[in-house]
Amino acid sequence: MESTHSHGPGGGGFLAGRKALVTGAASGIGKACATAFAEAGAAVYVVDRAARAAEEVAAAIGGTCLVVDLSDPGAVDGLPADADIVVNNAGLQHIAPVHEFPPERFTHIQRVMVEAPFRILRRTLPHMYARGWGRVINISSVHGLRASPYKAAYVVAKHALEGLSKTVALEAAAHGVTSNCINPGYVRTPLVEDQIAGQAARHGIPEAEVVERVMLERTAIKRLIEPAEVAAAALWLCSQHTGYITGSSLPVDGGWTAH
Ligand code: NAD
């Protein structure tokens, strides 16, 4: 593939020789991360259950497509263990009050968004330790730091991911491995576009009003975040001068958590 190296924080191709495993890489933030890491020279494992979309991303960036359902522990344990960078990104939402929340949906969300990251890290950390360098980037959310009603499984999963990230940061520090969360507000991805369409239909109001009144209510900057802006933060955490940043949670939330 013709490479189109961009000039990342450490200069063009600063991740050459590194392998990055990105989950949920077929869409949205994961796709943007996979693209940014490939442009910086990394070999990228594009992990997703959406086969066709994952294949398209892998083909576009010269990566390796791995079609896996992350709710299946056996399949997760079959993922490559030789990643230098892990981006735990795959996620999904379910909206319901706790007393109506289907327990099996709750369990599924914890499997994909908590157990899969744990299983991926327990297999990849030994490789990072052996090389004396590694980066763990957990795509958390404002909902890793704050709650919202009707999102119990998601809020629980993101808070758990914060705990996993900090524990790994403590264990891995001596090995040149950092672990951090990125905490976006609402990002313009299919996950959010579906919520906008759903809420507009439910409340009988235009989609623009859902964005303005519901999604951007708490943010000081009145626009959605673009996936590439989140990917830029992930790439920055892999760059030359960020080795002292670990166990942190980086809000990319337009001021939401300033409240
Ligand atoms: P998205 O729906 O565009 O992409 C999520 C990807 O995860 C999809 O490609 C999907 O196929 C994959 N996925 C879901 N379940 C899977 C499974 N069981 N096995 C394998 N792959 C699976 O979503 P997005 O908005 O890009 O979200 C990515 C991450 O960012 C999620 O963890 C989400 O919680 C987080 N996040 C998103 C926003 C936002 O506003 N979009 C804000 C904060 C955090």
Side-chain angles (χ1 to χ4, degrees), residues 22-36 48 50 53 57 87-102 105-106 108-110 112-114 137-162 165 180-237 248-259:
V22 183
T23 69
S27 174
I29 295 167
K31 180 179 175 180
C33 286
T35 305
D48 208 291
V57 172
V87 182
N88 283 313
N89 165 77
L92 66 159
Q93 182 61 273
H94 186 95
I95 312 262
V98 169
H99 64 281
E100 289 172 8
F101 212 100
R105 196 71 181 144
F106 184 90
H108 176 83
I109 287 176
Q110 308 314 313
V112 174
M113 295 170 63
V114 182
I137 296 161
N138 299 302
I139 305 298
S140 178
S141 164
V142 165
H143 288 113
L145 307 170
R146 299 284 188 278
S148 285
Y150 314 124
K151 297 185 175 178
Y154 187 90
V155 170
V156 168
K158 290 304 190 189
H159 277 67
L161 186 63
E162 297 276 332
S165 185
N180 292 287
C181 286
I182 298 177
N183 302 67
Y186 284 105
V187 187
R188 191 187 305 281
T189 71
L191 186 139
V192 160
E193 275 159 1
D194 288 351
Q195 287 182 51
I196 296 171
Q199 294 213 24
R202 200 170 314 134
H203 301 302
I205 55 173
E207 293 191 1
E209 213 172 308
V210 174
V211 174
E212 214 171 287
R213 289 217 331 240
V214 183
M215 308 214 151
L216 301 181
E217 191 209 341
R218 289 186 168 270
T219 68
I221 300 175
K222 298 294 183 190
R223 65 169 177 83
L224 297 175
I225 312 159
E226 298 302 325
E229 295 179 275
V230 180
L235 196 58
W236 176 71
L237 286 170
S248 78
S249 302
L250 174 66
V252 183
D253 67 359
W256 181 332
T257 51
H259 283 283

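When a residue number appears, it is its place in the shown sequence, counting from 1. Values below: every heavy atom of this structure, side chains too, minus hydrogens, waters and symmetry copies. Everything numeric in this text was worked out from a predicted model, so none of it was measured.
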Quick test of your reading: applying side-chain hydrogen bond (donor to acceptor under 3.5 Å, both in side chains), list the pairs with at least one residue in [range], sequence neighbours left out, ordered by first then second residue.
| range | value |
| --- | --- |
| residues 151-160 | Lys151-Tyr186 |
| residues 215-225 | Arg223-Glu229 |
| residues 250-259 | Asp253-Thr257 |

List for me each residue that meets side-chain hydrogen bond (donor to acceptor under 3.5 Å, both in side chains) alongside [X], sequence neighbours excluded, and say none if there are none.
| X | value |
| --- | --- |
| Ser165 | Asn138, Ser179 |
| Asp48 | none |
| His203 | none |

At their closest point, which heavy atom of [X] faces which heavy atom of [Y], and how far apart are they?
| X | Y | result |
| --- | --- | --- |
| Leu191 | Gly91 | CD1-O, 3.9 Å |
| Leu161 | Ile139 | CD2-O, 3.6 Å |
| Gly30 | Val22 | O-CG1, 3.6 Å |
| Val57 | Ala34 | CG1-CB, 4.4 Å |

Identify, with sequence neighbours excluded, every residue that meets side chain to side chain contact (heavy atoms under 4.5 Å, CB included) alongside [X].
| X | answer |
| --- | --- |
| Ala147 | Val155 |
| Ser249 | Leu145, Glu162, Cys181, Asn183 |
| Ala231 | Ala32, Cys33, Ala36 |
| Val156 | Phe106, Gln110 |

Value rounded to 0.5 Å, distance of [atom1] in [X] from [atom2] in [Y]:
| X | Y | atom1 | atom2 | result |
| --- | --- | --- | --- | --- |
| Ile29 | Glu226 | CD1 | CD | 11.0 Å |
| Gln93 | Ser141 | CD | OG | 8.5 Å |
| Glu209 | Gln199 | CD | CD | 12.0 Å |
| Leu250 | Ser140 | CG | OG | 11.0 Å |
| Ser248 | Leu237 | OG | CG | 6.5 Å |

Inset, instruction - Would you confirm whether Thr23, through its side chain, and Asn88, through its main-chain N or O, come within 3.5 Å as a donor-acceptor pair? - result: no
Legend entry - Ile205 atom CD1: more than 12 heavy-atom contacts under 6.0 Å: yes
Inset, instruction - Please step through side-chain contact (heavy atoms from CB on, under 4.5 Å) for the pair Leu224 and Leu216, ending with a clear verdict. - result: CA-CA 8 Å; Leu224 297 175; Leu216 301 181; 4.2 Å; yes
Inset, instruction - Using the salt bridge (Lys or Arg N to Asp or Glu O under 4.0 Å) rule, collect all pairs that involve residues 193-202, keeping only residues at least two apart or in two chains. - result: none
Inset, instruction - Using ring pair (Phe, Tyr, Trp, His ring centres under 6.0 Å) as the criterion, list what pairs up with His108, not counting sequence neighbours. - result: none
